[in-house]
Amino acid sequence: MAKMDDFMDGLARDLRPVRKGALGRLLVLALLPGLALSAAFILLGHGFRPDISTAISLPVFWVKSAYPLFLSIVGVIALMKVARPGVRPVGAAFPALIIYGLVFAIGVIQLNAASSPEEHRRLIMGISYWFCPLIILASGAPLMAATFWFLRRGAPTHPRLAGLIAGMTGGSIGAWVYSWGCIENGLTFVALWYTLGILLCGLVGGLLGRRLLRW
């Protein structure tokens with residue numbers, strides 16, 4: 001018993017206080033290269049939308065871009081919490097649902113203003129519904145890797161939840177990057193297919209978290 005006490009005392013003597021804000025700096029350090037890789041993938045593999053100079057003058061473009069960006073902010077805050085032992089960021093679900101609800105409601109208003117069935121279909125399905133979630137999954141992959149790198153240097157005690165949050169955060173940032181290349185202007189499209197892509201990232205993250213984030 002005395003040897004164990006001596007061992008614990010030796011560990012305690014080597015402890016040093018963590019600098020204030022170290023966890024936040026670590027997350028920024030992780031996300032920057034992931035963001036660069038995601039942007040390179042969209043730029044080289046997909047390209048920015050050809051009418052970007054016109055699109056940025058449309059309010060709908062900024063709403064489409066703001067949706068995953070605001071989800072990313074919620075995700076980053078949740079990541080900072082779940083990286084600490086014993087913390088479950090259950091409060092993150094509420095603002096995420098509000099953000100989704102607002103985009104969906106604006107999408108419904110946009111649909112009601114449409115004048116024909118063809119326009120309704122374009123606002124909901126667009127021309128890229130079948131590959132949009134997959135592009136978001138691919139765009140979010142380097143950011144998911146970055147968030148996992150961050151969490152493995154933290155101390156999450158709920159690996160599946162941490163993986164889910166890491167995946168959805170990476171997917172949200174990846175969706176924001178993709179929004180600059182996506183030609184769709186339907187907010188119902190965004191509420192459906194962008195969200196599906198983010199959820200796919202969360203599913204992958206949750207599955208990986210069980211293996212990669214266990215102590």
Side-chain angles (χ1 to χ4, degrees), residues 24-76 78-79 96 99-100 103 107 122-153 163-209 212:
R25 287 191 293 272
L26 184 64
L27 181 54
V28 171
L29 180 65
L31 288 178
L32 285 178
L35 182 61
L37 288 173
S38 179
F41 167 73
I42 293 299
L43 180 62
L44 300 177
H46 182 277
F48 288 126
R49 59 184 296 169
D51 63 340
I52 188 67
S53 59
T54 303
I56 59 176
S57 66
L58 302 174
V60 69
F61 172 83
W62 293 107
V63 175
K64 178 180 72 173
S65 186
Y67 171 56
L69 180 60
F70 287 159
L71 289 181
S72 301
I73 294 171
V74 174
V76 165
L79 269 179
I99 293 168
Y100 176 79
V103 170
R122 179 178 57 81
L123 292 173
I124 297 173
M125 308 299 287
I127 61 172
S128 60
Y129 73 93
W130 60 277
F131 63 81
C132 172
L134 298 179
I135 290 182
I136 289 175
L137 181 61
S139 179
L143 290 150
M144 290 169 59
T147 54
F148 269 82
W149 181 88
F150 163 75
L151 287 174
R152 285 178 63 85
R153 281 151 184 78
L164 173 70
I165 293 172
M168 294 189 70
T169 302
S172 297
I173 302 174
W176 174 74
V177 175
Y178 173 57
S179 71
W180 291 83
C182 175
I183 62 172
E184 309 291 355
N185 289 325
L187 294 180
T188 311
F189 177 96
V190 172
L192 291 175
W193 306 110
Y194 272 48
T195 304
L196 178 58
I198 294 169
L199 291 176
L200 285 175
C201 292
L203 176 62
V204 172
L207 293 174
L208 292 176
L212 301 182

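Here, residue 1 is the first one in the sequence, and each next residue gets the next number.
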Assess the pair Trp180 and Phe61: is the distance between their ring centroids shorter than 6.0 Å?
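For Trp180 and Phe61, the ring centres are under 6.0 Å apart.
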Can you pull the salt bridge (Lys or Arg N to Asp or Glu O under 4.0 Å) pairs that have at least one residue in residues 36-49, sequence neighbours excluded?
Arg49-Asp51
Show me the pairs that pass salt bridge (Lys or Arg N to Asp or Glu O under 4.0 Å) and involve residues 175-193, at least two apart or across chains.
none
So [Y] and [X], do their side chains get closer than 4.5 Å, heavy atoms only?
{"X": "Leu26", "Y": "Trp149", "result": "yes"}
{"X": "Val190", "Y": "Val63", "result": "no"}
{"X": "Thr147", "Y": "Leu143", "result": "no"}
{"X": "Pro50", "Y": "Ile183", "result": "yes"}
{"X": "Leu192", "Y": "Ile124", "result": "yes"}
{"X": "Thr195", "Y": "Tyr100", "result": "yes"}
{"X": "Trp193", "Y": "Ile135", "result": "no"}

Going by the rule side chain to side chain donor-acceptor pair (under 3.5 Å), which residues pair with Tyr178 if we only count those two or more places apart in sequence or in a different chain?
none
Do you know which two heavy atoms are closest between [X] and [Y], and how far apart they sit?
{"X": "Leu37", "Y": "Pro142", "answer": "CB-CB, 3.8 Å"}
{"X": "Thr188", "Y": "Gly107", "answer": "OG1-O, 3.2 Å"}
{"X": "Pro133", "Y": "Leu200", "answer": "CB-CD1, 4.1 Å"}

Ser128 vs Phe189, side chain to side chain contact (heavy atoms under 4.5 Å, CB included): CA-CA, chis, key distance, verdict:
CA-CA 9 Å; Ser128 60; Phe189 177 96; 3.4 Å; yes
Atom CZ of Phe148: over 12 foreign heavy atoms under 6.0 Å:
yes
Under 3.5 Å: donor-acceptor pair, side chain of Ser38, backbone of Gly140:
no
Where do Tyr194 and Ser179 land on the side chain to side chain contact (heavy atoms under 4.5 Å, CB included) test, with the steps shown first?
CA-CA 9 Å; Tyr194 272 48; Ser179 71; 3.8 Å; yes
